[in-house]
J.: 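Got a structure for you, questions after.
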Amino acid sequence: MATASGTPTLSLRGLSPLNQRRWRNFKANRRGLWSLWLFLILFTLSLGAEFIANDRPLLVRYDGGFYFPVLKAYAETTFGGEFATEAEYRDPYVVELIQAKGWMVWPPIPFADDTIILDLPVAAPAPPSAQNWLGTDDQGRDIVARLIYGFRISVLFGLCLTFFSSVVGVGVGAVQGYYGGWVDLSGQRFMEIWSGLPVLYLLIILSSVVQPNFWWLLGIMLLFSWMTLVDLVRAEFLRGRNLEYVRAAQALGLHDSMVMFRHILPNAMVSTITFMPFILSGAITTLTSLDFLGFGLPAGSPSLGELLKQGKANLQAPWIGLSAFFALALMLTLLVFIGEAARDALDPRHAVEHPVAETEEAPS
């Protein structure tokens, strides 16, 4: 649904008056609204990367039957071949077997992130062409395919790290702010020591000791990223624990956990949510930095940092570095714009000058 001006919108029915005001404030920031829609579209498409960029067909019609290689592995003998291993659909022999009794439907980009193209007209890295829209890297792999898969890994990694670090940070900040005293004092002293550690160097050392993978890197980075929200949540709880309705709840005998997470946390989360897009962009940047330095995801994984590293090593092929740079710049720019719009939406001092709720909620 869109307004007459072309701005995408959603119905406000079912939302509380406070959330309606926040949504109107968010929509008033058109840059943030369009950034949110564009980011959601790109992320949704990347979740189905196998259906966009893959070296296996989406559909095979062979000898009266339908096969879905993108979802299931089929042996070469299924199509009249000689080997019981998975069919190599780009092999001219397999292509001839299938076309003799059927046809194949390929995805828009017939290469996966790890597909090494052997029939390049020039030596890798090959420049952009009709076959490889952004060219290939120095190992003959399609850059567009690696960007799609790398975008998905970066965003999923950032979302996981943002979620877990927010849970830990909010929990620690809530306990410090609510109880105060020696609990708050001990927590602050520990954070002062922990935050003084050289995070990037420790990440490099730990990544070189263990074999890095998605979950190892997530756990290592979580050791330090949880501190981002602690001070903010702690301040909100220090303020909220002295409010009258909180003291009334305590006087009624409610458990501390109930008071903390039912009465104080909702107010603290308003300011906390505005930081999450920036935490997400920071997590993506850190992962990209580790991949660029060679201490990130395992070798061969689709990664924006690895593409930047290849661009640095292959200055004669500028399409590699430029593709990774613009993809990373677009991703981080969208997240920053979304964060700015969320900050405006949750700011109680910010109000939309033109009323739109009445027109959107008017009965037809």
J.: Let's go through V172 and V168 carefully: what are the C-alpha distance in whole Å and the side-chain angles of both, what is the deciding distance for side-chain contact (heavy atoms from CB on, under 4.5 Å) to 0.1 Å, and is it a yes or a no?
T.: CA-CA 6 Å; V172 173; V168 177; 4.2 Å; yes
J.: Nearest 0.5 Å, please: how far is CG in D142 from CG in D55?
T.: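 Between D55 CG and D142 CG, I get 11.0 Å after rounding to 0.5 Å.
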J.: Where the side chain of N132 meets the backbone of P128, is there a donor-acceptor pair that is under 3.5 Å apart?
T.: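 Absent.
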J.: Taking a hydrophobic cluster as the set of Ile, Leu, Val, Met, Phe, Trp and Tyr residues connected by side-chain heavy atoms closer than 4.5 Å, whether directly or through intermediates, do L156 and L42 fall within one such cluster?
T.: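 Yes: a chain of side-chain contacts under 4.5 Å links L156 to L42.
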J.: Side-chain heavy atoms nearer than 4.5 Å, only ILVMFWY residues, links allowed to pass through others: does that put I320 and I116 together?
T.: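 Looking at the clustering, I116 is in a separate group from I320.
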J.: Would you say the side chain of V175 lies within less than 4.5 Å of the side chain of M260, judging by non-hydrogen atoms?
T.: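 Yes, at least one pair of side-chain atoms sits under 4.5 Å.
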J.: Check step by step if side-chain contact (heavy atoms from CB on, under 4.5 Å) holds for D231 and M191.
T.: CA-CA 10 Å; D231 290 335; M191 286 186 56; 4.1 Å; yes
J.: Taking the side chain as every heavy atom from C-beta outward, state whether N314 and Q316 have any pair of such atoms under 4.5 Å apart.
T.: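 Of all side-chain heavy-atom pairs linking Q316 with N314, at least one is under 4.5 Å.
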J.: The test is side-chain contact (heavy atoms from CB on, under 4.5 Å); show your working for L71 and E50 and say whether it passes.
T.: CA-CA 9 Å; L71 301 175; E50 287 79 7; over 6 Å; no
J.: State the CD1-CH2 distance between I98 and W103, to the nearest 0.5 angstrom.
T.: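 Output value for this atom pair is 11.5 Å.
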J.: Does some side-chain heavy atom of P127 sit less than 4.5 Å from a side-chain heavy atom of V122?
T.: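 V122 vs P127: side chains touch.
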J.: Kindly indicate whether the side chain of T115, heavy atoms from C-beta on, has any atom under 4.5 Å from the side chain of R141.
T.: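 With C-beta onward as the side chain, the pair stays apart.
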J.: May I ask whether L38 and L280 are part of the same hydrophobic cluster, defined by side-chain heavy atoms of I, L, V, M, F, W, Y residues being less than 4.5 angstrom apart, directly or through others?
T.: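 Yes; L280 is reachable from L38 via cluster members.
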J.: Check L185 against R189 and note the closest heavy-atom contact, atom names and distance.
T.: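 Shortest heavy-atom separation between L185 and R189 comes out as CD1-NH1, 2.8 Å.
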J.: Have Y149 and D114 got a donor and an acceptor in their side chains that come within less than 3.5 Å?
T.: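 Y149 vs D114: no donor-acceptor pair found between side chains.
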J.: To the nearest 0.5 Å, tell me how far F26 CZ sits from R24 CZ.
T.: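 Answer for the CZ-CZ pair, F26 versus R24, is 15.0 Å.
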J.: Within this structure, what is the OG1-CG distance for the pair T272 and L232, rounded to the nearest 0.5 Å?
T.: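 Interatomic distance, T272 OG1 to L232 CG, rounded to 0.5 Å: 4.5 Å.
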J.: With rounding to the nearest 0.5 Å, note down the distance linking CE in M276 to CD1 in I338.
T.: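 M276 CE to I338 CD1: 14.5 Å, rounded to 0.5 Å.
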J.: Between the main-chain N or O of I143 and the side-chain N or O of W319, is there a donor-acceptor pair closer than 3.5 Å?
T.: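 No, the answer is negative, given that no donor and acceptor are paired below the 3.5 Å cut-off.
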J.: Would you verify whether the NZ or CZ of R241 falls within 45 degrees of the ring axis of Y178 while also being under 6.0 Å from that six-membered ring's centre?
T.: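 Geometry flag: not set, cation outside 6.0 Å or 45°.
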J.: What are the two closest heavy atoms between I284 and S154, and how far apart are they?
T.: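 Here I284 and S154 meet closest at CG1-O, 3.5 Å.
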J.: Do other residues, nucleotides or ligands put more than 12 heavy atoms under 6.0 Å from W216 CH2?
T.: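 Atom CH2 in W216 is not crowded, with 12 or fewer foreign heavy atoms closer than 6.0 Å.
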J.: Can you confirm whether more than 12 heavy atoms, excluding those of E192, are under 6.0 Å from its CD atom?
T.: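 Atom CD in E192 is crowded, with more than 12 foreign heavy atoms closer than 6.0 Å.
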J.: Decide if atom CD of E96 counts as having more than 12 heavy atoms of other residues, nucleotides or ligands within a radius under 6.0 Å.
T.: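 No - once you tally the heavy atoms of other residues, nucleotides and ligands closer than 6.0 Å, there are 12 at most.
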J.: Using only heavy-atom distances, determine whether the side chains of Q310 and E306 contain a donor-acceptor pair under 3.5 Å.
T.: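 Side chains of Q310 and E306: pair found under 3.5 Å.
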J.: Mark yes or no for whether E76, through its side chain, and G81, through its backbone, hold a donor-acceptor pair below 3.5 Å.
T.: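 Not at all, since once roles are kept as given, no pair shorter than 3.5 Å links the two residues.
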J.: Quick one: does T136's side chain have a donor or acceptor within less than 3.5 Å of a partner on A126's backbone?
T.: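 Yes, the answer is positive, given that a donor and an acceptor are paired below the 3.5 Å cut-off.
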J.: With a 3.5 Å distance limit and no angle check, can you tell me whether N213 reaches the backbone of W215 through a side-chain donor-acceptor pair?
T.: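 The answer is yes, because a donor-acceptor pair under 3.5 Å joins these two groups.
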J.: What's the verdict on salt bridge (charged side-chain N to carboxylate O under 4.0 Å, His left out) for R239 and E236, showing C-alpha distance, side-chain angles and the deciding distance?
T.: CA-CA 5 Å; R239 180 182 64 87; E236 292 290 339; 2.9 Å; yes
J.: Strictly under 6.0 Å, is that where the ring centroids of F79 and Y67 end up?
T.: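 F79 vs Y67: aromatic centres under 6.0 Å.
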J.: Between the main-chain N or O of D113 and the side-chain N or O of R146, is there a donor-acceptor pair closer than 3.5 Å?
T.: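 Yes; judged by distance alone, with no hydrogens or angles, the pair exists.
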J.: Hey, are the side chains of R234 and D184 touching, using non-hydrogen atoms and a 4.5 Å cut-off?
T.: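 Touching, per the 4.5 Å side-chain cut-off.
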J.: Check for a donor-acceptor pair, side chain of D91 on one end and backbone N or O of Y93 on the other, with a separation under 3.5 Å.
T.: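 Indeed, once roles are kept as given, a pair shorter than 3.5 Å links the two residues.
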J.: Any idea which heavy atoms bring S303 and D291 closest together, and the distance?
T.: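 For S303 and D291, the tightest heavy-atom pair comes out as OG-OD2, 2.5 Å.
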J.: If you round to the nearest 0.5 Å, how far is OG of S35 from CG of L334?
T.: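 Spacing of CG (L334) from OG (S35) equals 5.0 Å.
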J.: Over all heavy atoms of both residues, which pair between L304 and A324 is shortest? Give the atoms and the distance, please.
T.: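 Looks like O-CB, 3.9 Å.
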J.: So, W194 side chain and L223 main chain: donor-acceptor pair closer than 3.5 Å or not?
T.: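 Yes, W194 side chain to L223 backbone: donor-acceptor pair under 3.5 Å.
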J.: Taking the side chain as everything from C-beta on, heavy atoms only, tell me whether S166 gets closer than 4.5 Å to F163.
T.: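 With C-beta onward as the side chain, the pair stays apart.
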J.: Among the clusters formed by ILVMFWY side chains lying less than 4.5 Å apart, do F278 and L161 turn up in the same one?
T.: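 They do not share one cluster, since no chain of ILVMFWY contacts under 4.5 Å joins F278 to L161.
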J.: Nearest heavy-atom pair of R343 and T274: which atoms, and what distance?
T.: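 Nearest pair, atom of R343 first, then T274: CA-CG2, 3.7 Å.
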J.: State whether R56 and E86 are salt-bridged, where the test is any N-O pair (Lys NZ or Arg NE/NH1/NH2 against Asp/Glu carboxylate O) under 4.0 Å.
T.: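 Yes.
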J.: For L218 and F157: C-alpha separation, side-chain torsions, deciding distance, then whether side-chain contact (heavy atoms from CB on, under 4.5 Å) applies.
T.: CA-CA 7 Å; L218 183 65; F157 183 88; 4.0 Å; yes
J.: Say whether, by atom type as modelled, one donor and one acceptor occur between the side chain of S301 and the main chain of P298 under 3.5 angstrom.
T.: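 Side chain of S301 to backbone of P298: a pair is present.
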J.: Between P69 and L58, what is the shortest heavy-atom contact and its length?
T.: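 Nearest heavy atoms, P69 then L58: CD-O, 4.1 Å.
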J.: With the side chain counted from C-beta on, respond yes when D119 and R90 share a heavy-atom pair under 4.5 Å apart, and no when they do not.
T.: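 Yes. Closest side-chain heavy atoms under 4.5 Å.
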J.: With hydrophobic residues grouped by side-chain heavy-atom distances under 4.5 Å, do L197 and F295 end up in a single group?
T.: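 Yes, L197 and F295 fall within the same hydrophobic cluster.
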J.: Using side-chain heavy atoms (C-beta onward) and a distance below 4.5 Å, is Q176 in contact with F237?
T.: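 In short, these two side chains do not touch, never coming nearer than 4.5 Å.
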J.: Check whether NZ of the Lys or CZ of the Arg R61 lies under 6.0 Å from the centre of the six-membered ring of F66 and within 45 degrees of that ring's axis.
T.: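 The answer is yes, since R61 meets both limits relative to F66.
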J.: Do the side chain of T78 and the main chain of Y74 share a donor and acceptor less than 3.5 angstrom apart?
T.: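 Looks like no, no N/O pair under 3.5 Å.
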